[in-house]
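Here is how names work: the chains are called A, B, and so on, in the same order as the sequence lines, proteins then strands, and each is numbered from 1.
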Amino acid sequence: MSQPHSRRESLPPSTPATVSVFASPASWIESDALDQCQQVAALDGMIHVAAMPDLHPGKGAPIGAAMASTVLYPFLVGSDIGCGIAVFPIRLKRVVPERLAARFPDLDRALDPERDANDPAWAVVHCEIPAGHLEGLGTVGRGNHFVELARVDTVCDSGHAARLGLDAGDLVLIVHSGSRGLGERILRAHTEVHGAGPVSDPAAYLAMHDDAVRWGSLNRRLMAARVAYALGAEPSEPFVDQCHNLVEVHDGVYLHRKGAAPGDGRDVLIAGTRGTSSYLVAAHAGPDANHSVAHGAGRKMSRADALRRGRAKHTVDELRRTAVGSLVVCGDRQLLFEEAPTAYKRIEQVIADLVDHHLATPVATTTPLVTYKTPDLGPTHRPDRRDQRRKRGRV
DNA sequence: ATGTTC
């Protein structure tokens, strides 16, 4: 077993917080992200920072880290409070990716209780809408968010998979999304007064935070139902739904997760990329890892780099029809380059690091068939001037 | 990641 402390940085004696990086030397971790871990470790009240193998630099705080502290810092969770990944079983009669891709609903358009009163997706809502927040309900958002139809590929632990009711060849919907404008509003309200400082009233923040976590989970269920109906299937209960951006309170300690999934005995889907497999794992991370595991492959390049280098390296067509034969529904060219599989680390290495450090055990892999990002260029699309210029050139 | 955008 490789030691999680092999990369423990030397800390000034005045800083009691420890930093553990759960990655092998073979895994590339940007030094900026490690610097951010040290900056977090130096915050008042910080106890322990556990960095996952998908660690990469974020805005202020690193992404792919679980941070335990006696003080609650909203910026360590970020604006997308409640973001997570849910996996739903889905049964379809015919699986023709091209046909299915064309049937995905418009997940940029929110569900409106009045206008869409008859939408059957509302059936999955069994509670009040958290915070009464209707804006953006049922929408996927942007960035690394997606809704993916995938097929269970390799079953690594047949007993565990059977307990979940999963078998090789089964179809699933993977939904990665969060609390949209609600979480952003909650962080902004804090930041406008306190910046990156701690909350003065943890209970008040946590009440709003918990609403955003519930809203994010409900949003994933609503989207899964919208997609299931649109593809001619019935909605289903998720067998995995884990939030990787949140704060948990344990015995007076605030455990901030930022791109780090709960790893204490739960099953987690660790997302690959739009063009590579994802891994369903049984997570069993202990206190050294702040009870957390990775949440995905992790970015290897910044969005700006991915855009610049991707334009030289890829065509739009190869990003929309991937190496594994899956389709990517995405009418936003820039996003397509930013989210290119080559902009991410290899998911196999991330999983290997978790296994080597005894944080997780693979249960099954999934292979994408159709990944939805944002509505495709429709038949009514009229390219603007810039698009026309690109069309004549490479892109 | 988000809402907003002269």
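Screening residues 163-177 of chain A for side chain to side chain donor-acceptor pair (under 3.5 Å), with sequence neighbours left out, gives A:His176-A:His244.
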Got a list of side-chain donor-acceptor pairs under 3.5 Å for residues 202-210 of chain A, not counting sequence neighbours?
{"from": "A:His209", "atom 1": "NE2", "to": "A:Val247", "atom 2": "N", "distance (Å)": "2.9"}

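Rounding to whole angstrom units, CD of residue A:Glu184 and C1' of B:dA1 are separated by 8 Å. Rounded to an integer number of Å, the gap from CZ of A:Arg188 to C1' of B:dT2 is 9 Å. As a whole-Å value, the separation of A:Asp332 CG from B:dA1 C1' is 14 Å. One atom, CD1 of A:Ile85, and another, C1' of B:dA1, lie 15 Å apart when rounded to the nearest Å. Between the P atom of B:dA1 and the CG atom of A:Leu335 lies a distance of 10 Å, rounded to the nearest Å. The interatomic distance linking A:His295 (NE2) with B:dA1 (C1') rounds to 11 Å, in whole Å. Distance, A:His176 NE2 to B:dT2 C1': 14 Å, rounded to whole Å. Distance A:Arg142 CZ to B:dT2 P: 9 Å, rounded to the nearest Å.
Between the side chain of A:Asn245 and the main chain of A:Cys83, no donor-acceptor pair closer than 3.5 Å is present. Side-chain atoms of A:Thr191 come within 3.5 Å of backbone atoms of A:Leu187 as a donor-acceptor pair (strictly under, hydrogens ignored).
For A:Asp267, the side chain to side chain donor-acceptor pair (under 3.5 Å) partners two or more places apart in sequence, or in a different chain, are A:His160. Listed by chain and residue number, A:Glu148 satisfy the side chain to side chain donor-acceptor pair (under 3.5 Å) test with A:Thr371 (two or more places apart in sequence, or in another chain). Listed by chain and number, the residues in a side chain to side chain donor-acceptor pair (under 3.5 Å) with A:Arg185 amount to none (sequence neighbours excluded). With sequence neighbours excluded, no residue forms a ring pair (Phe, Tyr, Trp, His ring centres under 6.0 Å) with A:His284. Remark: A:Tyr344 pairs with A:Arg299, A:Glu339 by the side chain to side chain donor-acceptor pair (under 3.5 Å) rule, at least two apart or across chains.
The stretch residues 55-66 of chain A touches DNA chain B through A:Lys59, each having a heavy atom under 4.0 angstrom from the strand.
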I'd like a list of close polar pairs between nucleotides 4-6 of chain B and the protein, N/O only, cut-off under 3.5 Å.
none

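If you check every strand for non-hydrogen atoms under 4.0 Å, A:Arg180 touches sugar and phosphate atoms only.
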